[in-house]
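Single-structure report; data block below.
Within every chain, numbering begins at 1; the chains are lettered A, B, ... in the order of the sequence lines, protein sequences first and strands thereafter. Note that the coordinates shown come from a computational prediction; the quantities given were computed from them, not determined experimentally.
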Protein chains: 4
Amino acid sequence: MSEAIEPWIEELLQAGLGRDKMTDKQRRIVESAIEVFAEKGYAASSTSEIAQRAGVAEGTIFRHFKTKKELLLSIVTPTMLKMIAPFLLREFRDVLTQDYDSYEQFLRAMIENRLLFLQKNKSLIKIVVQELPFHPELQEQFVQVVLVKVKERLEIVIGKFKAEGQLADLPVMTIIRLSASAIMGYVLTRTLYGTREGADWDDERELEATIGFIMKGLAP
Amino acid sequence: MSEAIEPWIEELLQAGLGRDKMTDKQRRIVESAIEVFAEKGYAASSTSEIAQRAGVAEGTIFRHFKTKKELLLSIVTPTMLKMIAPFLLREFRDVLTQDYDSYEQFLRAMIENRLLFLQKNKSLIKIVVQELPFHPELQEQFVQVVLVKVKERLEIVIGKFKAEGQLADLPVMTIIRLSASAIMGYVLTRTLYGTREGADWDDERELEATIGFIMKGLAP
Amino acid sequence: MSEAIEPWIEELLQAGLGRDKMTDKQRRIVESAIEVFAEKGYAASSTSEIAQRAGVAEGTIFRHFKTKKELLLSIVTPTMLKMIAPFLLREFRDVLTQDYDSYEQFLRAMIENRLLFLQKNKSLIKIVVQELPFHPELQEQFVQVVLVKVKERLEIVIGKFKAEGQLADLPVMTIIRLSASAIMGYVLTRTLYGTREGADWDDERELEATIGFIMKGLAP
Amino acid sequence: MSEAIEPWIEELLQAGLGRDKMTDKQRRIVESAIEVFAEKGYAASSTSEIAQRAGVAEGTIFRHFKTKKELLLSIVTPTMLKMIAPFLLREFRDVLTQDYDSYEQFLRAMIENRLLFLQKNKSLIKIVVQELPFHPELQEQFVQVVLVKVKERLEIVIGKFKAEGQLADLPVMTIIRLSASAIMGYVLTRTLYGTREGADWDDERELEATIGFIMKGLAP
DNA sequence: AATGAATGAGACTTCATTCAT
DNA sequence: CATGAATGAAGTCTCATTCAT
């Protein structure tokens with residue numbers, strides 16, 4: 001737990017999360033690109049439309065991003081890092097292992113944190129999820145950056161709860177999978193279905209049901 | 001629930017599932033299209049590559065399908081029907097309501113049946129899932145054809161098990177969601193992760209863990 | 001002398017010289033390309049202008065030639081072959097070794113033959129000469145196809161005249177170089193300078209002077 | 001013949017030959033431009049690459065040269081002057097008419113002088129030769145500045161040798177052409193072919209052969 | 001029914017040039 | 001003087017679709 005974060009991740013986090021160094025136009029280009037990519041998908045998006053929405057000349061895009069693909073990467077790579085930021089930052093990491101007495105507490109914290117993130121980054125997540133299957137480099141990155149890191153951290157936390165006898169005697173990966181499935185099912189349904197007009201979605205109730213389900217399902 | 005299936009669905013099932021009426025070339029076109037769409041995504045696929053792989057002239061595609069979009073629909077619509085075929089076919093429907101004594105039995109049957117389907121139709125499912133977000137007509141179709149129908153049928157079955165006191169007192173939709181999440185998590189992990197070389201995936205164990213998880217989580 | 005011509009050369013000669021298999025539009029494209037390339041140089045020529053002059057849509061060019069470069073090659077490669085055709089064709093080859101009693105006769109024949117060729121293919125030659133320095137593949141081709149073949153044949157003929165004591169005792173390559181320089185100087189001056197209005201170019205006299213110069217310069 | 005050199009030529013000679021007045025950046029731009037133009041040809045060269053190689057900003061080029069074309073001219077015009085400098089400079093001019101007893105001596109001096117020049121200015125010459133055909137203003141300049149001047153001077157010298165009975169009774173222009181052809185053939189072969197690895201080019205022998213050829217060919 | 005040449009709109013990208021800093 | 005971000009015209013090339021054969 002005490003080993004330092006790899007410097008390149010630290011760096012990317014800085015560079016990616018804050019768009020500080022970007023010029024105004026650059027930021028507008030990226031924002032338009034996020035819009036358009038999320039709406040139509042990368043392949044069906046045209047740089048001319050992105051330029052138009054950003055209010056810049058098409059050539060300007062290519063001054064900042066050598067290719068359309070690079071523009072995509074400039075969006076996806078930081079997003080993948082943001083997705084796992086809580087697992088990487090030192091302060092949070094310590095929190096992970098210490099602050100939660102019960103698995104339930106931990107679950108609630110995770111859901112709240114990531115749900116907030118997801119709500120604020122719907123388009124970004126959509127782009128990542130949509131494009132992942134078609135770009136092997138992204139997949140590589142995803143496995144290396146997201147899966148491995150997250151798994152690493154979660155194994156520690158969940159291992160602890162399991163050792164304390166709070167959880168059933170299942171492989172840690174299985175516990176992660178089952179918990180994650182239920183949470184994602186909740187989040188996805190909520191996102192897709194819960195926002196429809198006239199939908200009878202009682203968020204509080206569903207959240208409780210989901211957590212209850214996980215806790216019962218994983219009880220020793 | 002004893003009303004007849006809508007005739008147009010019946011028709012589509014016939015037309016879509018059996019590619020009987022297709023000429024040889026037509027079938028080859030559709031098969032190539034499935035390949036290419038699954039590989040590159042609809043927008044990034046070119047009709048000329050599809051024609052090439054199908055061994056037909058470029059123009060031939062447009063003799064059978066007015067537009068590229070229509071070719072996509074000719075793949076997606078039947079697939080969506082195939083996805084819910086078990087819920088629609090009369091014989092199966094009766095089975096649903098009668099054959100299973102326990103929810104666990106029912107779950108096992110569903111998993112086995114749909115897993116088989118998924119394994120035989122990976123590319124098709126991939127296309128549907130990938131394209132759904134970008135084509136409102138498809139979404140419409142999906143909701144109308146898949147969600148509504150499945151929900152309708154499942155509510156009966158699950159309502160029965162719930163009435164029998166086998167399941168916790170949760171809204172039927174919630175039960176469906178939680179069960180489906182866990183199953184899909186299992187299937188997805190198995191598909192993406194279980195086939196990697198050197199992966200330590202014990203299918204039997206994971207399946208049992210998943211079913212156990214659901215049953216415990218949903219126990220009254 | 002009696003060994004067969006390499007089949008690939010034979011083939012290229014057929015394909016390149018006769019534009020038989022070309023469709024009408026293809027021929028028009030190539031002809032326009034020759035015009036434009038010769039006028040402006042390859043790099044400064046635009047496919048859109050070529051298309052316009054050919055009276056076809058721009059896309060049509062790329063149906064017949066994958067890239068602009070391929071269009072260039074489709075012009076240059078056959079031209080290089082045409083440049084040395086006399087040295088390759090069997091009938092001519094035999095002629096080379098037998099028909100000429102004196103080096104002077106041989107020179108006159110060569111000049112006449114190649115001058116005719118040059119007059120009919122000014123643009124083509126111009127393109128080859130202009131582009132050669134910028135395309136390594138063309139240089140490779142030029143050395144392999146033109147230099148080597150021509151040298152091979154000329155060495156035989158000139159070796160014979162030298163053996164007969166008609167020529168000075170110089171390396172055959174030197175004789176070739178000196179003769180070629182004088183001829184090319186004649187041809188070039190004639191082409192560039194001789195066609196100007198008011199130029200005092202007496203072609204007959206200059207030709208005689210050139211041949212006289214070579215013969216005297218190379219006399220034993 | 002004793003009339004002064006046209007002042008504008010004098011001026012250009014000063015300005016072009018010495019790059020004295022240029023700032024450091026300006027000189028670096030011109031040098032990079034020479035490199036790139038020689039490598040890729042004018043039309044295929046980009047000002048951005050030139051700027052990069054020169055280590056200056058893109059805009060800087062256009063502070064010193066209004067257009068890309070002007071940059072080309074700033075290279076080509078002085079080069080054309082340098083090509084004929086020996087014929088223009090007063091001191092050299094006198095030398096021309098007095099110092100050489102034989103045409104052979106004169107030839108040797110010219111070859112040595114111009115060969116040295118060519119070796120030190122390969123890229124420049126390449127650019128001039130390559131671009132001449134595509135820029136009518138350059139052609140104009142070339143005829144006016146190079147051809148006319150050189151012809152003027154050479155006619156005097158060669159006229160003298162001819163009057164002395166050293167040379168055959170041919171038009172002076174013909175003598176020039178024949179001599180120049182042989183020399184250029186020598187220089188070109190030497191440049192292109194003589195530097196290849198494994199080439200059996202004996203420079204001394206070829207030079208002698210060439211001079212011998214010219215002298216014999218032009219003997220009275 | 002099948003072909004494949006032809007199209008022209010539009011895709012991504014490059015580039016010479018301008019201008020505020 | 002120098003910079004480099006910005007531009008928009010133009011470049012090469014792709015693609016869905018049409019149509020005469």
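- The pair B:E58-C:R63 meets the salt-bridge criterion, with a side-chain N (NZ, NE, NH1 or NH2) lying under 4.0 Å from an Asp/Glu carboxylate O.
- Proximity of D:F142 to D:M80: side-chain heavy atoms (C-beta onward) are separated by under 4.5 Å at one or more points.
- Of the charged side-chain nitrogens involved, at least one lies within less than 4.0 Å of a carboxylate oxygen, so that A:E39 and A:R53 count as a salt-bridged pair.
- Put simply, CD on A:Q26 is 13 Å from P on F:dT7, counting in whole angstrom units.
- Salt bridge present: A:E49 and A:K40 bring a charged side-chain N and a carboxylate O closer than 4.0 Å.
- With rounding to whole Å, B:I29 atom CD1 is found 10 Å from E:dA2 atom C1'.
- Remark: DNA chain F forms stems of 3 or more consecutive Watson-Crick or G-U wobble pairs, all pair distances under 3.5 Å, at E:2-21 with F:2-21.
- Nearest heavy atom pair, residue D:I34 against residue D:I127, reads O-CD1, 3.5 Å.
- Across all strands, D:S46 comes closer than 4.0 Å only to sugar-phosphate atoms, never to a base (heavy-atom distances).
- When the P atom of F:dT14 is taken as reference, atom NZ of B:K40 falls 12 Å away, rounded to whole Å.
- Summary of the strand contacts: C:K25 and A:S48 both lie near DNA chain E, and taking for each the nucleotide with the nearest heavy atom, the more 5' one is attributed to C:K25.
- Within residues 50-70 of chain D, the residues having any heavy atom under 4.0 Å from DNA chain F are, by residue number, D:V56, D:A57, D:G59, D:T60, D:R63, D:H64.
- B:K68 places none of its side-chain heavy atoms less than 4.5 Å from the side chain of B:L72.
- B:L71 has its CG atom 12 Å from the C1' atom of F:dA16, to the nearest Å.
- Between the P atom of F:dC15 and the OH atom of B:Y42 lies a distance of 13 Å, rounded to the nearest Å.
- Looking at D:T60, its side chain never comes within 3.5 Å of a backbone N or O of D:V56 through a donor-acceptor pair.
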**Request:** Would you sort out whether B:E131 and B:K69 count as a salt bridge (charged side-chain N to carboxylate O under 4.0 Å, His left out), showing the intermediate values?
**Result:** CA-CA 11 Å; B:E131 297 309 326; B:K69 184 83 169 254; over 6 Å; no
